[in-house]
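Note sheet for the following structure.
So that the names make sense, note that chain A is the first sequence line, chain B the second, and so on, each numbered from 1. Only a predicted model underlies this, so the values are computations on that prediction, with no experimental measurement involved.
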Number of protein chains: 2
Amino acid sequence: MDGNEALQQARARVIEAISQNMNLYGVTPSIGRLYCLLFFSDKPLTLDEMKEELGMSKASMSLAVRSLLDLNMVEKAWRKGVRKDLYVVKDDSFQRFFDLFMKKWRPAVSMNTKAIEKTIAELEELDENEAASDEDRERAKTDISKLQNWLVYYDWLDRLIDTFESKEILDFVPMEKKEKD
Amino acid sequence: MDGNEALQQARARVIEAISQNMNLYGVTPSIGRLYCLLFFSDKPLTLDEMKEELGMSKASMSLAVRSLLDLNMVEKAWRKGVRKDLYVVKDDSFQRFFDLFMKKWRPAVSMNTKAIEKTIAELEELDENEAASDEDRERAKTDISKLQNWLVYYDWLDRLIDTFESKEILDFVPMEKKEKD
DNA sequence: TAATACGTTTAATATATATTGAACGTATTA
DNA sequence: TAATACGTTCAATATATATTAAACGTATTA
């Protein structure tokens, strides 16, 4: 086995693992492989080069790159004299993790919170509505109480994401392991 | 509009929002709706009742319940004299969030770490192999350095998940907002 | 024991999503 | 200007996943 072959084979193992687990970021293995291709590449790549390497269509590459841009996992690169768009990974794993929460979780927290608040308001109206049956009003009360627990959680989650965004989380869980005493 | 109708409509909004955003937990909207059904139910439900409420097959309910059990989002309930299996939500949003990391993220971290470690070992061999070309050995060195950065990140992530599992994270981001001074 | 009532598995189907080739718009070059 | 080289969009297709009906195994009841 020659050196290059050994290199490719060694890389293949982590590419496979990373690509498979990339679903935690809400992307497919294909997109994961593209990310890995860029990760191991020693230079920015064009859509045509990606297409060539992965044996996929240019349209796919265009879409895949866009999802990666969305997640802040890659960025455009420029090089004098090159007209094609070039892309490189933003090789900061911590930032990648934090960005996931800012891009995906934050909007979800916001949506859910708004929905819950609006619903609680409606349920309170129902509870105060004399025309409603006792049973319905009772259920409204129960729902309100359950939903308020959710609000507490979403507020917490929002504050947790704040500590990701500000990187304050690193004060609590430091990047480097503590030295053993 | 009568009370019950108002109740259903109020619930529908949060059900929709929650179900849609449940993809962050790696489950489909259908499973999300089942979760919400159980959440709002005032009693444990059987597969047949779920099937009835959601208009889906029993097989679907069986599979959906299993994913929710997997994520620790529901649990079995027993009631004297009832032979059918009964299920209720585990209505602890915080625990639900922590469990996601223990069930999904932790194994991913573990898999990726192992793959990376094994690959680094192979690359080190390659780097020390006199027969390999200088170019390949150089690339191996570069890869090793990049992969070691990932190891630092995964180690950190593992420790972060530790703070979820032990709930120490709540020391840093408390459940209740701090009172304003 | 036989008969019934469960939940699960399996194989088939329906649905959603990923992927593609071709058409399109825009910028660059000649 | 016309011609070429891009990246993107769109409609068609391929693939993966969700969903189902039917078969199955097990426990319970009579």
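Legend: ring pair (Phe, Tyr, Trp, His ring centres under 6.0 Å) pairs involving residues 42-73 of chain B, not counting sequence neighbours: none detected. For the side chain to side chain donor-acceptor pair (under 3.5 Å) condition, the pairs that include at least one residue of residues 102-114 of chain A, sequence neighbours left out, are Arg106(A)-Asp158(A), Arg106(A)-Asp162(A), Arg106(A)-Glu165(A), Ser110(A)-Lys114(A), Asn112(A)-Tyr154(A). Listed by first then second residue, pairs satisfying ring pair (Phe, Tyr, Trp, His ring centres under 6.0 Å) with a partner in residues 48-87 of chain A number zero, not counting sequence neighbours.
Here dG7(D) presents its C1' atom at 16 Å from CG of Leu45(A), a figure rounded to the nearest Å. Between the CE atom of Met56(A) and the C1' atom of dA18(C) there is a distance of 8 Å, given to the nearest Å. Rounded to whole angstrom, the span from the CG atom of Leu54(A) across to the C1' atom of dA18(C) amounts to 15 Å. In this structure, CE of Met50(B) is placed 15 Å from P of dT20(D), rounded to the nearest angstrom.
Scored by the ring pair (Phe, Tyr, Trp, His ring centres under 6.0 Å) test, Tyr153(B) finds Phe94(A) as partners (sequence neighbours excluded). With sequence neighbours excluded, no residue forms a salt bridge (charged side-chain N to carboxylate O under 4.0 Å, His left out) with Lys90(B). With sequence neighbours excluded, no residue satisfies side-chain contact (heavy atoms from CB on, under 4.5 Å) with Arg83(B).
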Which donor-acceptor pairs under 3.5 Å do side chains of residues 61-70 of chain B form with protein atoms, sequence neighbours excluded?
{"unit_1": "Ser67(B)", "atom_1": "OG", "unit_2": "Leu63(B)", "atom_2": "O", "d": "3.1"}
{"unit_1": "Ser67(B)", "atom_1": "OG", "unit_2": "Ala64(B)", "atom_2": "O", "d": "3.3"}

Anything under 3.5 Å between a donor and an acceptor, one on a side chain of residues 50-57 of chain A, the other on a protein residue two or more places apart or in another chain? List them.
{"unit_1": "Ser57(A)", "atom_1": "OG", "unit_2": "Ser60(A)", "atom_2": "N", "d": "3.1"}
{"unit_1": "Ser57(A)", "atom_1": "OG", "unit_2": "Ser60(A)", "atom_2": "OG", "d": "3.1"}

Atom pairs and distances, donor-acceptor, side-chain atoms in residues 22-35 of chain A, under 3.5 Å, two or more places apart:
{"unit_1": "Thr28(A)", "atom_1": "OG1", "unit_2": "Ile31(A)", "atom_2": "N", "d": "3.4"}
{"unit_1": "Tyr35(A)", "atom_1": "OH", "unit_2": "Arg96(A)", "atom_2": "NH1", "d": "2.9"}

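Note on the helix from dT1(C)-dA30(D) to dA30(C)-dT1(D): terminal axis deviation equals 0°, with five pairs used at each end and the result rounded to 10°.
Between Ser57(A) and dT20(C) there is a side-chain polar atom (N or O) within less than 4.0 angstrom of OP1 or OP2.
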Worksheet item: Can you give one letter per nucleotide of nucleotides 1-15 of chain C, going 5' to 3': B for a protein heavy atom under 4.0 Å from the base, S for sugar-phosphate only, - for none?
Response: ----SSSSB------
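Two residues are said to be in side-chain contact when any heavy atoms from C-beta on lie closer than 4.5 Å; Lys43(A) and Ser41(A) meet this criterion.
Contacts between residues 18-42 of chain A and DNA chain C, defined by a heavy-atom separation below 4.0 Å, involve Thr28(A), Ser30(A), listed by number.
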